[in-house]
Amino acid sequence: MNEPAASLPAISCADDYDPNSMAVGKAREVISRFLSPVTTAERVHIRAALGRVLAQDVISPLDVPAHDNSAMDGYAVRIADLKADGQATFKVAGTAFAGVPFSGTLKTGECVRIMTGGVVPAGADTIVMQEHVEAKGDQVTIGGGHKKGQNLRRAGEDLKAGEPALRRGQVLRPAEIGLIASLGIPEVMVYRRLRVAFFSTGDELVSVGTLPKEGQIYDSNRYTIHGMLTRLGCEIIDMGVVRDDPQLLEQAFQEAAATADVVITSGGVSVGEADFVKDLLNKLGEVVFWKIAMKPGRPLAYGKIGKAHFFGLPGNPVSVMVTFYQFVRDALLKLSGRDPIAPLPAFRVPCTSSLKKAPGRTEFQRGVLTQDATGNWSVRVTGEQGSGILRSMSEANCFIILSTDQGNVAPGALVEVQVMEGVI
């Protein structure tokens, strides 16, 4: 790790801080205070830059477009030669193709056949669409009603030389890669990838490919976490399953914190005889909170181990994904240098299902957002909402967010939905 990180500022009672039951919004706010983006940058070829975050502005070395050019197939003319009412006849002096300009200067009574993207000939100031021209041999007749500069794209209209084409902190999508290539720039400076180490805890867990004994289960959490980290473009350090042994856990935490910017665990943060994580975190680092007033995902921990940020996710598979979406995703984006961070899209639609909800905490139920033949949107739950039912996440394309004070929801009532499809 190359960036120094300050210790966590103390949270006072004036902050309305309850480490045993922090509100969802408050937890996001608290985490955000302690996040400092990476600063180390590297130069990469644009073919390798997809999904990376710009570490410096991309400055355009040229005007875009580089020349006045035509936005249409048509004829380049001088507006002074056209008649406001009636028709004017012109001699076609030549042709301007995209990439092969007309070399002469337009004279009075002349026009040039021009293709889309063709450089506007010297002397011309207007482009008339070919559909508005009557052509016969080497002459064309053009009626009135045209305006100076129509269908003409000016040099530097999109971007002037010396102006920023893209800003630092912007994630590079295919469109940005194409824009950079259009400026003739082969390489860009991007922030290094965020390094994230993660492991699962629990004697009951076995890895895929191992035959489980009685009472053991397959560790699915590492695979969902790996998938979500991959989609976010992180450098991933999978440390496997660590047994519920204080010495092994302490060693794992120290190794992870020494090599990664962020350490993520699943399991071991709830109250139980074999949960050693809380004691170790108090020994090795700093802990901000342990519980969130939400369902699923109440046992969520956040703190620091040395310079590394720590997220202790619950052990239940659905809770792992919900807490990752709601807290870890934005934190990783901010740490990676991305700016601004787009929130998960949310809006209100009718719910076709009846929902059970007791006031007192925020709930994230898994939903299926659909559009009917008339264009109206609605949402329904995926079925049973238990935190161990990973299928409820597989079938869902959104979260149904029920606020802290909200109670039961009747069919047809409006609810807030947060789209997850394609986000991670």
Side-chain angles (χ1 to χ4, degrees), residues 1-13 15 17-22 26-40 194-202 221-222 225 229 234-272 274-292 297-315 319-320 323-324 326-336:
M1 290 168 50
N2 300 315
E3 292 79 19
S7 60
L8 296 178
I11 298 181
S12 68
C13 295
D15 287 317
Y17 167 58
D18 181 357
N20 294 313
S21 186
M22 184 174 284
K26 184 66 175 180
R28 290 185 180 130
E29 175 190 333
V30 169
I31 293 171
S32 181
R33 293 185 204 174
F34 308 135
L35 303 176
S36 297
V38 297
T39 57
T40 304
L194 198 68
R195 291 189 286 270
V196 182
F198 67 101
F199 57 88
S200 298
T201 66
N221 289 341
R222 277 180 32 245
I225 292 173
L229 291 175
C234 299
E235 181 181 328
I236 302 170
I237 306 169
D238 184 350
M239 300 179 64
V241 176
V242 179
R243 301 302 170 196
D244 287 327
D245 178 281
Q247 186 174 351
L248 293 177
L249 284 167
E250 182 172 355
Q251 181 181 349
F253 275 124
Q254 289 176 332
E255 289 179 2
T259 58
D261 305 289
V262 179
V263 178
I264 299 175
T265 63
S266 63
V269 292
S270 60
V271 178
D275 295 337
F276 310 113
V277 173
K278 183 173 182 179
D279 291 338
L280 285 173
L281 261 293
N282 286 325
K283 175 183 177 181
L284 300 175
E286 305 167 81
V287 181
V288 178
F289 57 76
W290 284 96
K291 299 289 186 293
I292 302 291
R298 184 170 181 264
L300 171 70
Y302 170 72
K304 294 287 286 292
I305 309 172
K307 297 177 181 179
H309 295 267
F310 169 71
F311 288 93
L313 307 186
S319 299
V320 165
T323 51
F324 193 102
Q326 300 304 323
F327 300 99
V328 183
R329 171 190 177 269
D330 284 3
L332 296 183
L333 293 179
K334 185 171 182 179
L335 288 170
S336 68

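Remember, predicted model here, so these are calculated numbers, not experimental data. Keep in mind that the numbers below use all heavy atoms, side chains included, and drop hydrogens, waters and symmetry copies.
Listed by chain and residue number, nothing satisfies the side chain to side chain donor-acceptor pair (under 3.5 Å) test with Asn282 (two or more places apart in sequence, or in another chain). Qualifying salt bridge (Lys or Arg N to Asp or Glu O under 4.0 Å) partners for Glu255, counting only residues two or more places apart in sequence or in other chains: none.
The closest side-chain heavy-atom distance from Asp238 to Phe198 is below 4.5 Å. Looking at Ile236 and Val196, their side chains never come closer than 4.5 Å, going by heavy atoms from C-beta outward. The closest side-chain heavy-atom distance from His309 to Leu35 is below 4.5 Å.
Considering every non-hydrogen atom in both Ser36 and Leu335, the closest pair reads O-CD2, 3.4 Å. Residue Leu284 comes nearest to Glu250 through the heavy atom pair CD2-OE2, 3.9 Å, listed as atom of the first residue, atom of the second, then distance. The two residues Ala331 and Ile31 make their nearest non-hydrogen contact at CB-CG2, 4.2 Å. What you find for Asn221 and Pro314 is that their closest heavy atoms are ND2-O, 4.4 Å. Ala256 and Val263 get closest at one heavy-atom pair: CB-CG2, 3.7 Å. Here the closest non-hydrogen pair linking Val242 and Ala252 is CG2-CB, 3.9 Å.
Among the candidates Trp290, Tyr302, Phe253, Phe289, the single residue satisfying the ring-ring contact (aromatic ring centres under 6.0 Å, His included) test with Phe310 is Phe253. Checking each of Ile225, Val241, Leu249 against Phe199 for a side chain to side chain contact (heavy atoms under 4.5 Å, CB included) leaves exactly one that passes, namely Leu249.
Between the side chain of Arg28 and the backbone N or O of Gln326, at least one donor-acceptor pair lies under 3.5 Å. Side chain of Ser200 to backbone of Ser266: no donor-acceptor contact under 3.5 angstrom is found. Using a distance-only test at 3.5 Å, with no hydrogens or angles considered, no donor-acceptor pair links the side chain of Arg243 to the main chain of Thr201.
Going from atom CD1 of Ile264 over to atom CG of Leu332 covers 5.5 Å, rounded to the nearest 0.5 Å. To the nearest 0.5 Å, atom CD of residue Glu235 and atom CG of residue Leu229 are 11.5 Å apart. If you take CG on Leu280 and CD on Gln254, they are separated by 9.0 Å, rounding to the nearest 0.5 Å. Separating the SG atom in Cys234 from the CG atom in Leu333 is a distance of 8.0 Å, to the nearest 0.5 Å.
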Discussion item. With side chain to side chain contact (heavy atoms under 4.5 Å, CB included) as the criterion, how do Ile292 and Met22 come out once you've worked through the C-alpha distance, each side chain's angles and the decisive distance to 0.1 Å?
Written reply: CA-CA 5 Å; Ile292 302 291; Met22 184 174 284; 4.3 Å; yes

